[in-house]
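Working notes, beginning with the structure itself.
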Amino acid sequence: MATIQNKPTPTAPSTTTGGGLRAMDLYEKLEKVGEGTYGKVYKAREKATGRIVALKKTRLPEDDEGVPPTALREVSLLRMLSQDPHVVRLLDLKQGVNKEGQTILYLVFEYMDTDLKKFIRGYRANHEKIPAQTVKILMYQLCKGVGFVHGRGVLHRDLKPHNLLMDRKTMALKIADLGLSRAITVPVKKYTHEILTLWYRAPEVLLGATHYSTPVDIWSVGCIFAELVTNQPLFPGDSELQQLLHIFKLLGTPNEEMWPGVGKLPNWHVYPQWKPTKLSTLVPGLDSDGYDLLEKMLAYEPGKRVSAKKALEHPYFNDVNKEVY
Amino acid sequence: MENLRSQNCHQGVAMEGVKFAPEKANTNRRALSDIKNIIGGPHQHLAVSKRALSEKPAAAAAANAKDQAGFVGHRPVTRKFAATLATQPTVALLDPIGSERLKRNADTAFHTPADMESTKMTDDSPLPMVSEMDEMMSPELKEIEMEDIEEAAPDIDSGDAGNSLAVADYVDEIYRFYRKTEGASCVPTNYMSSQTDINEKMRGILIDWLIEVHYKLELLEETLFLTVNIIDRFLARENVVRKKLQLAGVTAMLLACKYEEVSVPVVEDLILICDRAYTRADILEMERRIVNTLNFNMSVPTPYCFMRRFLKAAQSEKKLELLSFFMIELSLVEYEMLQFCPSMLAAAAIYTAQCTINGFKSWNKCCELHTKYSEEHLMVCSRMMVELHQRAAHGKLTGVHRKYNTSRYSYAAKSEPATFLLDA
């Protein structure tokens, strides 16, 4: 497998905003590649260098509340985190005005040719499993990236395959879309519980906890791990209640013994009592180390959930070439 | 869900019915004028009450009413008063407490285009992102490193193994990063000399007022520290005319709220807080100016980040915590305290508070090893804090003293200053 190229770009990116040339004078839009938390994302070419980039566009309507908190946090946190090889690189920031006179903010990112959602979908369409070693390499990079983000005092809060960008050739994986991220204070304070895409949402968040921390991201990582192995989402709920029931059905209904304090969470009710299913039944195709790591990532009690930092030391990753990734 | 504030502010910060917008994007937030029918409903607190736990509910309610009467905010800038600022070089930015409302004149009701002008300062070329980050990663820190201390710091996190909120696996790494990058959040200690129309006194008046606004809005503690940091970094790079200083301050608070808070005050409420001296367009334009000047960089270590960690090292109780925050908020107002980096301010505030409570010098090995500052290192900063404490109740800038002289803050301001440190 090819070595990941994570060399910094030769030209130091500027962060100038406003004034000068309009963003669209500097970049040529090639195609729309998706939607971010608060705007469209385009594949584009930098006219001066021919470099292919991703342009994330957001409107700042005059009559509204100014810069959206999501945009403010994303840009600010990316400026701090974007030096890591496992976090997508913010190359530039441009501010311009569109034809209607609205202020537009363009975030210019390095271009990655796919994301983990498309990558998994490709294998599923061909009725193939992702090779075990590829799963391991992707998971190692994900844990490394999440560990870096957490080590800077930041929660991502929206980890899912769609937000993990990839390079098909090198198998490089990078964390993207920090629109729902936030810096945390230690000890962690009260935050909103309306975070995370439903399928990857941790049970403490679903149960209404307003005090949550880095384990919410690890739960998402566990769900992604299972999805890489099976090509199917582990808990595909379509409402908060259905999501909880999905989890309880597979992992067993939690109780005070396995998760002290669960009964005191705001959304706790009397739920049907299910016994836990063996992970090897739910996620066939892993070795014993893989199941052990997955189990630690999907621990109900947040304090017992493995950290990304500790996960990197797990025997499951023993045969990964750590100098390359 | 909108949280309505319906507390009468007794001619203080004009905030009746202030609303907050939740953290979610695309929330429809009604203008204040649309919800007059709801004002006067039950007061909903977002923040956890900081009252002493021992207080009885009835006594607490009585004390709270007394506090509200006693903690009278400065008047917001009126347009006429803003106009007088333009002609008087050292006049106070805000009306003194309890002063009569100044009548507005038609000729001062609107800002002229000339007010909008601001000259960019010479050294304000935007840094490329990579080089700025490199600079941030290896700043010349203003702290004095302790070469003599080599032993490992005692483990203060051993009890947090099962507590995910303590982030025990990352806490050392996080604070190493904060120490490494805190230099990037500091400003030149002489930046005000580059300003042509404002001075240190005006900065002090602004921050004193913002502390009261912050108190009334019941915002998170970290929001206040980030607000002041944004103001200083902005003023260090951009010239601001005095008519726009309050605008810059309130907009900095808006940005800090957007970064830190779960529920953000809406722009209309900030307009009311400023007594309609500015328009929505003014605030949004200033917001653009600030984020562009600071290159969207809001992720900076403030003294608050270090306070939490150092208080844990000091095994603090509520009394020490409140007194430490009293010290550090007094320091926020004082321009001269910008000479100290955030970690030193936090350590010195805790040291000074410990000395104040105990009546003698008090700084144990655990504090020394976790803060990486010895008593000697802290002494200059600590003495300045004692002097600030001595004059906290006097003069024009008494907002912090009045805030900490309420039951909500356990009357921390009533403590006797540790004057023995001045003789040491």
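Reminder, nothing fancy here: chain letters follow the sequence lines and each chain counts from 1.
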Please check this pair: side chain of A:Ser76 against backbone of B:Asn297, looking for a donor-acceptor N/O pair closer than 3.5 Å.
no
Partners meeting salt bridge (charged side-chain N to carboxylate O under 4.0 Å, His left out) with B:Glu173 (sequence neighbours left out):
A:Lys309
Would you indicate whether A:Glu257, at its atom CD, is surrounded by more than 12 heavy atoms from other residues, nucleotides or ligands within a distance under 6.0 Å?
no
Does any non-hydrogen side-chain atom of A:Arg152 lie less than 4.5 Å from one of B:Tyr170?
no
Considering only heavy atoms from C-beta outward, does the side chain of A:Leu107 approach that of B:Phe296 to under 4.5 Å?
no
Measure the spacing between CG of A:Leu72 and SG of B:Cys257 and express it to the nearest 0.5 Å.
11.0 Å
Closest heavy-atom contact between A:Ser307 and B:Asp169?
OG-OD2, 2.5 Å
Backbone of A:Pro68 reached by a side-chain donor or acceptor of B:Lys258 within 3.5 Å
no
How close do B:Ser299 and A:Leu77 get, heavy atom to heavy atom, and via which atoms?
OG-CD2, 3.5 Å
Please determine if B:Arg280 and A:Glu65 form a salt bridge, counting it only when a charged side-chain N lies under 4.0 Å from a carboxylate O.
yes
Taking side chain as everything from C-beta outward and backbone as N, CA, C, O, which of these in B:Leu255 sits under 4.5 Å from a heavy atom of chain A? Side chain, backbone, both or neither.
both
Taking only residues two or more places apart in sequence, or in another chain, which ones meet A:Lys144 in a salt bridge (charged side-chain N to carboxylate O under 4.0 Å, His left out)?
none
